[in-house]
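Below is one structure; the comments refer to it alone.
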Amino acid sequence: MVHQLSAGSCKRLQNASPDDVDVFESQHTLQFLSIKKVGNNPGAPASAPDRYRIIMSDGINYMQAMLATQLNHMVQDNTIGRNTIAVVEKLTCNYVQEKRLVIILSLRVLELTAEKIGDPSQIGPSEMPAVASPSTGNGPSAPPAQATPEVASPAQAAPAQAAAAPRQQAPPQTRHGNIYPIEGLSPYQNNWTIKARVTQKSEIKTWSNARGEGKLFNVTLMDDSGEIRGTGFNLVVDDLYPRLEEGKVYYISKARVNLAKKKFSNINNDYELSFERNTEVEECHEVTNVPTIKYNFVPLNGLEDLSKDAICDVIAVVKETSPVTQITSAKLQRELAKRELTLVDKSGFSVRMTLWGKQAEQYNVSEPTPVIAFKGVKVGDFGGRSLSMFSGSTMQVNPEIDECFALRGWYDNIGAEQTFKAHSNTGGGSSMYGFKREEIRSLDEIKQAGYGEPDKPENFSARATIMHIKSDNISYPACPTTNCNKKVVEMGDSWRCEKCNQNFPTPEHRYIMSLAVADYSGQAWLQGFNDVGTTIFGMTANQLLEIKDRDINEYNAILHKANCNTYNFSCRAKQDTYNETTRIRYGISRIIPLNYKEEAQMLRDLLYSPWAR
DNA sequence: CCCCCCCC
C-alpha cells in the first residue's frame, strides 16, 4: 500500500500558533521516524506515566512531537512503531518554560511498518517565518531556552528551532494567555489556561487520619473537549470555595496536573487538577463553546437492565419529596442528612432517589413536581431498583432540554393521574433467581473451594459454555399433573403416577440432563431439569422425543447444535452418595441465556464505575 | 494531602 504523506505539514505545525485550530485539528498523514521513551521529571512520582517523543516526517521535513500519555498504550502494544505511517488527527501545542512542544492527541494508523519515505530534513531556524504579534516579540536577543528537566531535550531532533524564536510564536496575548482544551492537559505542560464550566462542586470535607488532618473540596470542570476533577486543600479552600460556583465558567491556570486515581472518581480523565496557593481563577462572562452537562439518560424502566452499583443519568418528574431526616451511619459513626425523592417517567415506573448530606439539606425546589435531570447517580437494588446521589453527582431542575419539555408535557397532561409500577425484587436484571453477576465464579474455583460439603449445599453463579450433552437419557416420563412431575410407570396402555394415584393415557416427558460445561478455568458436569432443556433446545421434551423417534439424525443434530452456547447459571453444589460412591454434584437452579446488551453494559460499568466490581 | 457515598 502506498501512502502519500502530507508534505508541508511539519512546516505548518512548526509555525502554527497554539490557537491555530485549522492546523492542529486537521489531518496530517505523517511517518514516525523514531519513537523514544524520555525520562520523567526527577520529581515525578513513580506512578507517573511514561512519556514518548516521536520524530515525525511529512516526507520533506521532520520534527519532534510528544505523544499524549493517554496514547502510550499504542507504543506499548506496538500499535505504532518505527516507520509507522499514521493520520495524526488532533494535536495541540504549548510552551513549557520557553520551549514549544507539539503534542499528539489522536492518531489513526495507516501502516504499521513501511519503508522510510523520502529523505526528510530537519526544519531549521531559517525556515521559521516571523509570525504573531510583533508587540510581544522579544527579538533575537531573547535568552535561549534552557534545557529543563521538565521536558525531554529535543537535542537529537531539532535543537535549533525550539530555542530560536519561541516568543515570536507565543499565542495571541489575551489576558488569559493560551486557552487549552481540558483533554490536552497533562503533567508535562505548565503554561496553560482552561476555560471551563464548574458542573459540580462538593461540600467542604474534613478529614483526620494517621497522616494528619485537613479540609478539601472538589469541583468537576468541563469544556467541549472533556472534563477533569479539581481539588483544593486547606487554605486554598478558603480562597477558592466561595469563588467557584456551580454552573459558572472560569478561566483557570497555574493548577498542578496530577495523575488521577481512577479508583476514586468516575470522571473520564487520566489526570486531575490540584489547586495551589498561586492558582488563578477568574470568572468568564463570554460563555461561548463551553458546554453544559451532557446526559445519557436511562428511562426508569431501563434501570433493571443495569447492574447494582452502575452509574447512570436519569431525567424524571419528582412526584414526591420527603423532608430531610437525620440517619446515623454506623459506618461513619455520625449523623447524616438524607432526603428521598420519588421519581416517575413515561415508562410508567417509579423509583426512589436518595440525596445525602449537603445535597439533601440544600434541595430547595418550590414547585411540587419539578422535572429534574440527574447525572452520575448510582443504581442500588433496594426495593428492586433504587437510585442514590454521590457527592459527585449533579442535578439540574427543569433544564432547558427537549427531554425535560417532553416530560413536563406528558406529566401535566396524563402522567399526574397515572399509577406507577415499582421495580420489584423478582425477575429481570441482576436480581433474577439467585444469579449474581458480580459473584460469578470460575469452575475451577468452585472445585477448589470444595463446595457441597455434607449437608452444606452451596449456591454459586457461573458463566459457562456447553461442551457436550449426554444424549442417551435426556428425559423421563412424568406425571402431567401440574407441579407433580413425578416419574410415571407404563402400565399396559396407560401411565401410572403413584403419588397422584392416577393413570394417564400419555406422560409428559420432562428433561433430566447432564451437561458438560466449560469456562476458561476448566470443566464440570452440571445436572439440569426441565426448564434447562427447554431453554437449551427451545422445545419441550415431548417435542424432542418425537423428533428422536422419527429421525435419530435430526435428534443428534439438535443436541450437537446446543453445544458451544454460553449461558449464565445459578447452581447448587451438593454432596451426593450413590452406589456407595460420594461425589459433589452441581445442580442448575436457573439457566439464563446471555443478554448481550446487559453483558456489555456490565463491562462498560466495570470501566466507568470505580465501585462496580 | 481525600478517596467515605452511607439508611431502610
Side-chain angles (χ1 to χ4, degrees), chain A residues 43 45-47 187 200-220 228-241 255-277 279 308-312 320-342 350-363 374-395 422-425 431 605 608-613:
Chain A
S47 58
Q200 182 272 141
K201 181 171 85 164
S202 75
E203 56 194 303
I204 295 171
K205 289 173 270 190
T206 57
W207 83 90
S208 172
N209 61 28
R211 284 185 297 269
E213 56 186 54
K215 62 182 175 182
L216 72 119
F217 78 106
N218 310 105
V219 290
T220 306
I228 193 165
R229 186 163 88 145
T231 305
F233 290 96
N234 302 322
L235 289 171
V236 173
V237 177
D238 301 332
D239 178 25
L240 292 185
Y241 191 78
R256 217 170 57 212
V257 183
N258 292 326
L259 218 82
K261 288 161 205 139
K262 301 293 264 186
K263 199 176 122 190
F264 301 125
S265 167
N266 58 332
I267 287 174
N268 183 24
N269 201 312
D270 288 343
Y271 303 111
E272 59 187 26
L273 298 179
S274 176
F275 301 138
E276 307 294 316
R277 291 309 308 278
T279 292
K308 175 171 148 57
D309 295 341
I311 291 175
C312 67
E320 285 164 41
T321 309
S322 82
V324 180
T325 57
Q326 297 293 327
I327 59 120
T328 304
S329 162
K331 203 164 180 174
L332 295 180
Q333 299 276 314
R334 64 174 169 89
E335 291 252 293
L336 186 65
K338 181 183 96 156
R339 190 194 295 269
E340 307 280 8
L341 310 180
T342 304
S350 72
V351 69
R352 199 173 78 177
M353 166 74 79
T354 308
L355 278 56
W356 302 97
K358 179 188 84 164
Q359 289 168 327
E361 285 162 356
Q362 296 182 355
Y363 178 89
F374 296 88
K375 177 149 191 79
V377 295
K378 192 181 82 155
V379 177
D381 60 2
F382 187 76
R385 276 291 176 271
S386 59
L387 292 169
S388 174
M389 283 187 83
F390 290 119
S391 63
S393 311
T394 59
M395 48 179 267
H423 287 279
S424 67
N425 279 313
S431 53
D605 293 340
Y608 282 150
S609 164
W611 299 284
R613 27 165 280 122

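Proteins get letters first, then strands, A, B, ... in listed order; numbering begins at 1 in each.
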For [X] and [N], is the shortest distance between a side-chain N/O and OP1 or OP2 below 4.0 Å?
{"X": "A:Lys338", "N": "B:dC5", "answer": "no"}
{"X": "A:Lys378", "N": "B:dC4", "answer": "no"}
{"X": "A:Trp207", "N": "B:dC2", "answer": "yes"}

Tell me what [X] touches on the nucleic acid: a base, only sugar-phosphate, or nothing, going by heavy atoms under 4.0 Å.
{"X": "A:Arg229", "value": "base"}
{"X": "A:Glu335", "value": "nothing"}
{"X": "A:Arg256", "value": "nothing"}
{"X": "A:Thr231", "value": "base"}

Taking [atom1] from [X] and [atom2] from [N], how many angstroms apart are they, rounded to a whole number?
{"X": "A:Glu272", "N": "B:dC1", "atom1": "CD", "atom2": "P", "value": "8 Å"}
{"X": "A:Leu216", "N": "B:dC2", "atom1": "CG", "atom2": "C1'", "value": "5 Å"}
{"X": "A:Asp381", "N": "B:dC8", "atom1": "CG", "atom2": "P", "value": "15 Å"}
{"X": "A:Trp356", "N": "B:dC7", "atom1": "CH2", "atom2": "C1'", "value": "5 Å"}
{"X": "A:Glu213", "N": "B:dC2", "atom1": "CD", "atom2": "P", "value": "12 Å"}
{"X": "A:Lys205", "N": "B:dC2", "atom1": "NZ", "atom2": "P", "value": "12 Å"}
{"X": "A:Gln326", "N": "B:dC6", "atom1": "CD", "atom2": "C1'", "value": "13 Å"}
{"X": "A:Asn258", "N": "B:dC1", "atom1": "CG", "atom2": "P", "value": "7 Å"}

Quiz prompt | Proximal nucleotide (of B:dC7, B:dC1, B:dC5) relative to the A:Glu340 side chain | solution =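 Given the options B:dC7, B:dC1, B:dC5, the side chain of A:Glu340 is closest to B:dC7.
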Self-check item: Heavy-atom donor-acceptor pair, A:Arg352 side-chain to B:dC8 base, under 3.5 Å
Solution: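 Counting by modelled atom types and ignoring angles, a donor-acceptor contact under 3.5 Å is found here.
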Quiz item: Between the base of B:dC5 and the side chain of A:Ser388, is there any donor-acceptor pair under 3.5 Å?
Solution: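 Absent.
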Quiz item: Short question: side chain of A:Ser202, backbone of A:Asn218 - any donor-acceptor pair under 3.5 Å?
Solution: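 Flag set: sc A:Ser202 to bb A:Asn218 pair under 3.5 Å.
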Quiz item: Between A:Arg339 (side chain) and A:Pro323 (backbone), is there a donor-acceptor pair under 3.5 Å?
Solution: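 Answer holds: no.
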Exercise. Output all residues satisfying salt bridge (charged side-chain N to carboxylate O under 4.0 Å, His left out) with A:Glu340, sequence neighbours left out; order by chain, then residue number.
Key: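 Partners of A:Glu340 by the salt bridge (charged side-chain N to carboxylate O under 4.0 Å, His left out) criterion, ordered by chain and then number, come out as A:Lys338, A:Arg352.
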Exercise. Report yes if the side chains of A:Asp239 and A:Phe275 come closer than 4.5 Å at any heavy-atom pair, otherwise no.
Key: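 Contact flag for A:Asp239/A:Phe275 side chains = no.
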Quiz item: Stacking between A:Phe382 and the base of B:dC8 (centre distance under 5.5 Å, interplanar angle under 30°)?
Solution: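 Taking the rule of under 5.5 Å and under 30°, the ring of A:Phe382 does stack on B:dC8.
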Do any side-chain atoms of residues 207-215 of chain A form donor-acceptor pairs under 3.5 angstrom with protein atoms, and if so which ones, sequence neighbours left out?
unit_1	atom_1	unit_2	atom_2	d
A:Asn209	OD1	A:Arg211	N	2.8
A:Asn209	OD1	A:Gly212	N	3.3
A:Lys215	NZ	A:Asp238	OD1	2.7

